[in-house]
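Inspection log for the structure reproduced underneath, given as structure tokens.
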There are 2 protein chains.
Amino acid sequence: MRPKEEIILENYIAEKGFKRGAQRKGIAEIFLSTEKHLSAEELYALAKKKYPSVSFATVYRALKVLCGCGLCRELRFDDGVSRYEHLYGHEHHDHLICTVCGRFVEVTDNAIERLQTKLFKRHDFIPQRHRLDLYGICDKCGKKRRAD
Amino acid sequence: MRPKEEIILENYIAEKGFKRGAQRKGIAEIFLSTEKHLSAEELYALAKKKYPSVSFATVYRALKVLCGCGLCRELRFDDGVSRYEHLYGHEHHDHLICTVCGRFVEVTDNAIERLQTKLFKRHDFIPQRHRLDLYGICDKCGKKRRAD
DNA sequence: TATAATTATGATAATCGTTATCATAATATC
DNA sequence: GATATTATGATAACGATTATCATAATTATA
């Protein structure tokens, strides 16, 4: 866990009057050092390696705390499963998702962002947030597919 | 139900060897004549008016058939609830969603579409589909809010 | 138009991801 | 170290959706 993220987490726990549970800390460490859009289930599997007796509830609770202090964000994708992404040090971005291997690529395009703002205005909406998910087949999977 | 949509549905049912159940037909009619992004629960409520004994299962089954013949599409939004949108006579579009009243506006922006295609290419992805949801506050709700 | 075969329907159980509850363990405060 | 409070794990509950099963409706067959 990078020092800044650790400080944010510790401050949040102190400020909320929580105590420092070993599992929660450990799960947070695993999450923050895994640069992936993990689902609760995936994070649980990783946590099990370190804490064989860990419960799903603890994983969900740890994720809730991480979201609470702004270190992560819950994203629900089309399969109905929530995945959690890092927020610290990650500017707003959209997602390119490979439908074969499930890889996530964080992308941004300022021109698209500007056009979205215009789109809000054109329809008299006050912009709040947006979400763009681009589904396709990544280079690696495309090559593999052509080779088969 | 507009004639073309009815034909599509009837053909699909015939081709699959299904029978013509009254409730399914009625639910399809309600769905197709309601130009909204209905959830299963909302459609169930509407169906109940016509068929007081109708079951949730029948609503879900009707929606499955409608999706099967391409008349509708399931979209899962951030609240985890699936909503169903009309496909017939609806070009590809994105969604402007009012976070106050829940209104859906279907929008398209060719410039954004083109930039998305470029984004795919830039990252060596073969484009398949995309999804853009724009969340904000609509004109009506914005005015109401200012008046309060 | 009976009858047989098959699908549609409604009630309800099961499922899946997630959240709540509760008893116990760990941590913090005094 | 005693006390209070949170953390944890086991498990029950939850909401949305799907599966199962008995019965009703529809279609095919005679």
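Chain naming here is simple, since letters A, B, ... match the order of the sequence lines and numbering starts at 1 in each.
Rounded to a whole Å, the CD atom of A:E10 is 14 Å from the C1' atom of C:dA28. Taking atom CZ on A:F18 and atom C1' on C:dA25, their separation rounds to 18 Å, with Å as the unit. If you take CG of A:L63 and P of D:dT8, they are 13 Å apart, rounded to a whole angstrom. Atom NZ of A:K64 and atom P of C:dA20 are 7 Å apart (whole Å). Atoms CD (A:E42) and P (C:dT18) sit 11 Å apart, rounded to a whole Å. The separation between B:D79 atom CG and D:dC14 atom P is 20 Å, rounded to whole Å.
When each of A:I13 and B:G21 is assigned the nucleotide of DNA chain D with its nearest heavy atom, A:I13 is the one assigned upstream, toward the 5' end.
Between D:dA16 and B:S39, no contact under 4.0 Å exists linking OP1 or OP2 to a side-chain N or O. A sub-4.0 Å separation between OP1 or OP2 of C:dT9 and a side-chain N or O of B:R61 is absent. Distances shown here put every side-chain N or O of B:S55 at or beyond 4.0 Å from the OP1 or OP2 atom of C:dA11.
In this model, no donor atom of one side chain and acceptor atom of the other lie less than 3.5 Å apart for A:E85 and A:H90.
A:V65 is listed as a side-chain neighbour of A:L9, based on a closest heavy-atom distance under 4.5 Å.
Ionic pairing of B:D94 and B:R131 is not present here: no N-O contact between side-chain nitrogen and carboxylate oxygen is shorter than 4.0 angstrom.
Counting distance only, with no hydrogens placed and no angle test, the side-chain atoms of B:K19 and the base atoms of D:dT26 include a donor-acceptor pair under 3.5 Å. On a pure distance criterion of 3.5 Å, no polar donor-acceptor pair joins the side chain of A:R76 and the base of C:dG17.
When ring centroids are compared, A:H92 and A:H130 come within the 6.0 Å threshold.
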